[in-house]
Protein chains: 2
Amino acid sequence: MTGSVTLHDVARRAGVSLATASRALNGSANRVVGEALRERVLRAAAELRYSPNAHAQAMARRRTRIIGLSLHDIADPYFSAVAAGVMREAETHGLLVTMASTGHRPGAETDYVGAFRRHWATVVIVVGSRTDDRAATDRLAEELAAFEAEGGRAVAVSQPRLPVDTISIDNRAGARDLGHTLHDLGHRRFAVLAGPADLLTAAERVDGFREAVAHRGGRLAPEHVVPGPFTRDGGYAAMQRLLDEEPDVSCVFAVNDVMAVGAMAALRDRGVDLPAGMAVAGFDDIATLRDVSPALTTVRIPLEEIGALAVRLALDEGADRPRLRRVAGEVVVRASTPRLPA
Amino acid sequence: MTGSVTLHDVARRAGVSLATASRALNGSANRVVGEALRERVLRAAAELRYSPNAHAQAMARRRTRIIGLSLHDIADPYFSAVAAGVMREAETHGLLVTMASTGHRPGAETDYVGAFRRHWATVVIVVGSRTDDRAATDRLAEELAAFEAEGGRAVAVSQPRLPVDTISIDNRAGARDLGHTLHDLGHRRFAVLAGPADLLTAAERVDGFREAVAHRGGRLAPEHVVPGPFTRDGGYAAMQRLLDEEPDVSCVFAVNDVMAVGAMAALRDRGVDLPAGMAVAGFDDIATLRDVSPALTTVRIPLEEIGALAVRLALDEGADRPRLRRVAGEVVVRASTPRLPA
DNA sequence: CTGAAAGCGCTTACAG
DNA sequence: CTGAAAGCGCTTACAG
């Protein structure tokens, strides 16, 4: 960068010292600057289009107003909803959000937390399912601990496996409730599009659903639990593979909405009538997908609110950390899972 | 922040000077550090979990590796797609992205560019339609100019009204092409859900569509051009108001996909059969909405690619700036606009 | 190859 | 109320 106007320039133009210029510009806590000088400084700053150097301020103040946010993929509406909540809340506190997408690359979260740490972010928020890779989780935990040891505040939106404040979505209970609801609608023969095998979020949803089916005496054959990517195309492909087996099921649970929509597309492409030919349910209640038809039965997660809560939690000087906040999902029945005629 | 390990600590532990420690850690261009010392420094840094202070580096180097990204709403899939492209390309260049949402607040873009400027961002990208507020545009232009005068590089994704490199989506031509296509499908009586009156992007799409209809001798009555917010709910409400007038039209063009989906919901809620009862077309080709049914006819914009291009443009040391890159949309005909029986 | 020292642009005790 | 000066944690000519 070249040619930027410094506080020095402002002070000189106003005919005051650096200290006075600094105080006039951001009214330092205990100091008051005489009205006349203050005016002169402000005018000089305006005339020069002075903009303070945030790094110099960070150095002198030993802290910043930056939130570091790590997530898996901003184009995924799940993450963009959480990010929107984070950004909304950040703005009300005058904080700037630096965001990094892992693209599901292992180790990326740790790298990014390191980057946020180097930037003296005041808060770091890590959102996304943990995996079954213990070593990776340990490394991330270590980096977060180092960040907090330096005075930063970290919050995870994930399973509670990190040594920081955590917002944990109750995937298991949500999926269980959904399973019970589908049973109540008359369904007994289920299949599950299970998502990636190593993702804890996917595993929890499958487990919860399986529990409900078992508890009510329904049927969920192991070969009808089909793994695959956590994406629209993953849902599409998993549904295709499932259909190839001509399964005797009346209802498919895709472990997130994006996959459920892919599954619906696959069903249609195979000529299955929806919702009569197959009931489909998802998870998350993605806003952008609320108008698919038939409207998708799902488990609503308050994603934006979770993002905002993460910021509030980080900024709240509570004792007894790390704290755990559990967020429950709520089953929303829509047209995609009609009652099964008895 | 407290207790952070500094380069000083590393140097002391390794028994070398600050200069040597610095050189060992990031192999300064022209200097080479002896292998033995280098080893000692790296080991000391690892043992202490040293993480360089990015602000101190920024101060000393007089630049950062930060991209400032301003957009209207990250939860809107249009913007999250662009953001994903920006972040993907940023990562390949080792750049971090700081993002700010304007929430459509007037003046917010200017404020955020100011913030990015204070942070010595190396690149600033402003994405979103300009409005008809000349004064606001002028202030933003001024702030961007100041940013570039200090050595930063700015890129706008918007109408070419800013004195910086610009990626401009050809809304008018896209809407015109869409109008012609719909005419070719047999439609003659149109309505438009026009979006916000002050948004240039909305206005351009309306204008392009109107041109096509006029050119082909179709009908688009002024009272059938209904304004409203650029959102799903905006589309829903606008469609309701349109239906209240019992318009004699066979095809509705919503100026973006999100609105189009809202419009489809409104039509369904009023008992209109889709697509037979009303053809609906949108604009953008939002990925998350590709599975609505009937599948939406739209104008595809390569949003992610535009985000990536913005970064490349900023990093490219081209002459003759500001440069203008026009991006064309491509009409994609799907089931929501069936051919009208003659 | 290695080090002492200046400098990046601010803030903030410490004096006056 | 105002100012001179130290300090934040790095990098990088400049010497050696």
Side-chain angles (χ1 to χ4, degrees), chain A residues 1-41 44-45 48-65 115 117-122 150-151, chain B residues 1-41 44-45 48-65 115 117-122 150-151:
Chain A
M1 301 290 171
T2 88
S4 66
V5 176
T6 71
L7 186 58
H8 184 84
D9 302 322
V10 174
R12 193 176 40 190
R13 186 181 188 105
V16 301
S17 72
L18 264 180
T20 299
S22 173
R23 287 169 192 141
L25 253 20
N26 46 39
S28 123
N30 34 2
R31 294 283 149 210
V32 186
V33 177
E35 196 51 37
L37 285 194
R38 185 188 161 71
E39 287 290 311
R40 288 228 306 271
V41 171
L48 295 173
R49 298 191 58 71
Y50 169 68
S51 179
N53 181 313
H55 302 291
Q57 291 184 318
M59 289 289 294
R61 294 175 176 163
R62 306 187 55 69
R63 60 191 193 78
T64 67
R65 307 282 302 165
R117 196 180 148 212
R118 288 191 285 281
H119 281 269
W120 272 0
T122 185
E150 291 168 11
Chain B
M1 302 292 171
T2 88
S4 67
V5 176
T6 70
L7 185 58
H8 184 84
D9 302 321
V10 174
R12 193 176 40 190
R13 185 181 189 106
V16 301
S17 72
L18 265 180
T20 298
S22 172
R23 286 169 193 141
L25 254 20
N26 47 38
S28 125
N30 33 1
R31 293 283 149 212
V32 184
V33 177
E35 196 51 35
L37 286 193
R38 184 188 162 72
E39 287 290 310
R40 288 229 304 272
V41 172
L48 296 172
R49 297 192 57 71
Y50 170 67
S51 179
N53 181 311
H55 303 292
Q57 291 185 317
M59 289 289 294
R61 293 175 177 165
R62 307 186 55 68
R63 61 192 192 79
T64 67
R65 308 281 303 164
R117 197 182 147 209
R118 288 192 286 282
H119 281 269
W120 273 2
T122 185
E150 291 168 11

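Every chain is numbered from 1, with letters handed out A, B, ... down the list of sequences.
Distance noted for atom C1' between D:dG16 and D:dT12: 16 Å (whole Å).
In this structure a side-chain-to-backbone donor-acceptor pair under 3.5 Å is missing from A:R118 to B:P52. Remark: side-chain polar atoms of A:H55 are not paired, donor with acceptor, to backbone N or O of B:A56 under 3.5 angstrom. A donor-acceptor pair under 3.5 Å is absent between the side-chain atoms of A:T64 and the main chain of A:A58, judged by distance alone.
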- With Watson-Crick and G-U wobble geometry limited to distances under 3.5 Å, how should the secondary structure of DNA chain C be encoded in dot-bracket form, using | for bases paired to another strand and [ ] for crossing pairs? |||.||||||||.|||

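One can place CD of A:Q57 at 17 Å from C1' of D:dG9, the figure rounded to the nearest angstrom. To the nearest angstrom, P of D:dT12 lies 12 Å from CG of B:L7. Look at CZ on A:R38: it is 14 Å from C1' on D:dC1, rounded to the nearest Å. Atom CG in B:L18 sits about 16 Å away from atom C1' in D:dA13, given to the nearest Å. Residue B:R63 contributes atom CZ, which lies 22 Å from atom P of C:dG7 at whole-angstrom precision. The distance from atom NE2 of A:H55 to atom C1' of D:dC10 is 13 Å, rounded to the nearest whole Å. The CG-P distance, from B:N53 to C:dG9, rounds to 16 Å in whole Å. Nucleotide D:dA5 holds its C1' atom 15 Å from the NE2 atom of A:H8, rounded to whole Å.
Ranking D:dC10, C:dT12, D:dG3 by closeness to the A:R61 side chain, first place goes to C:dT12. Looking at the side chain of A:L37, the nearest of the listed nucleotides D:dT2, C:dT11, C:dA4 is D:dT2. Of the candidate nucleotides D:dG9, C:dT11, D:dT12, C:dT11 has the atom lying nearest to any side-chain atom of A:A60. The nucleotide whose nearest atom lies closest to any side-chain atom of A:R23 is, among C:dG9, D:dA4, D:dG9, D:dA4.
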- Task: With side chain to side chain contact (heavy atoms under 4.5 Å, CB included) as the test, would you mind laying out the steps for B:N53 and B:T6 before giving the verdict?
- Result: CA-CA 8 Å; B:N53 181 311; B:T6 70; over 6 Å; no

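The minimum heavy-atom distance linking B:L48 with B:R13 is given by the pair CD2-NH1, 3.6 Å. When every heavy atom of B:Y50 is checked against every heavy atom of B:L7, the shortest pair comes out as CE1-N, 3.3 Å.
Contact check, A:S17 against D:dA4: no side-chain N or O comes under 4.0 Å of OP1 or OP2. For A:R118, no side-chain nitrogen or oxygen approaches OP1 or OP2 of D:dC10 to under 4.0 Å. Taking only side-chain nitrogens and oxygens, A:T6 never comes nearer than 4.0 Å to OP1 or OP2 of C:dG9.
Using a 4.5 Å heavy-atom threshold, the side chains of B:R61 and B:M59 count as separate.
Toward the 5′ end of DNA chain C lies the nearest nucleotide of B:T20, the other residue of the pair B:T20 and B:A56 mapping further downstream.
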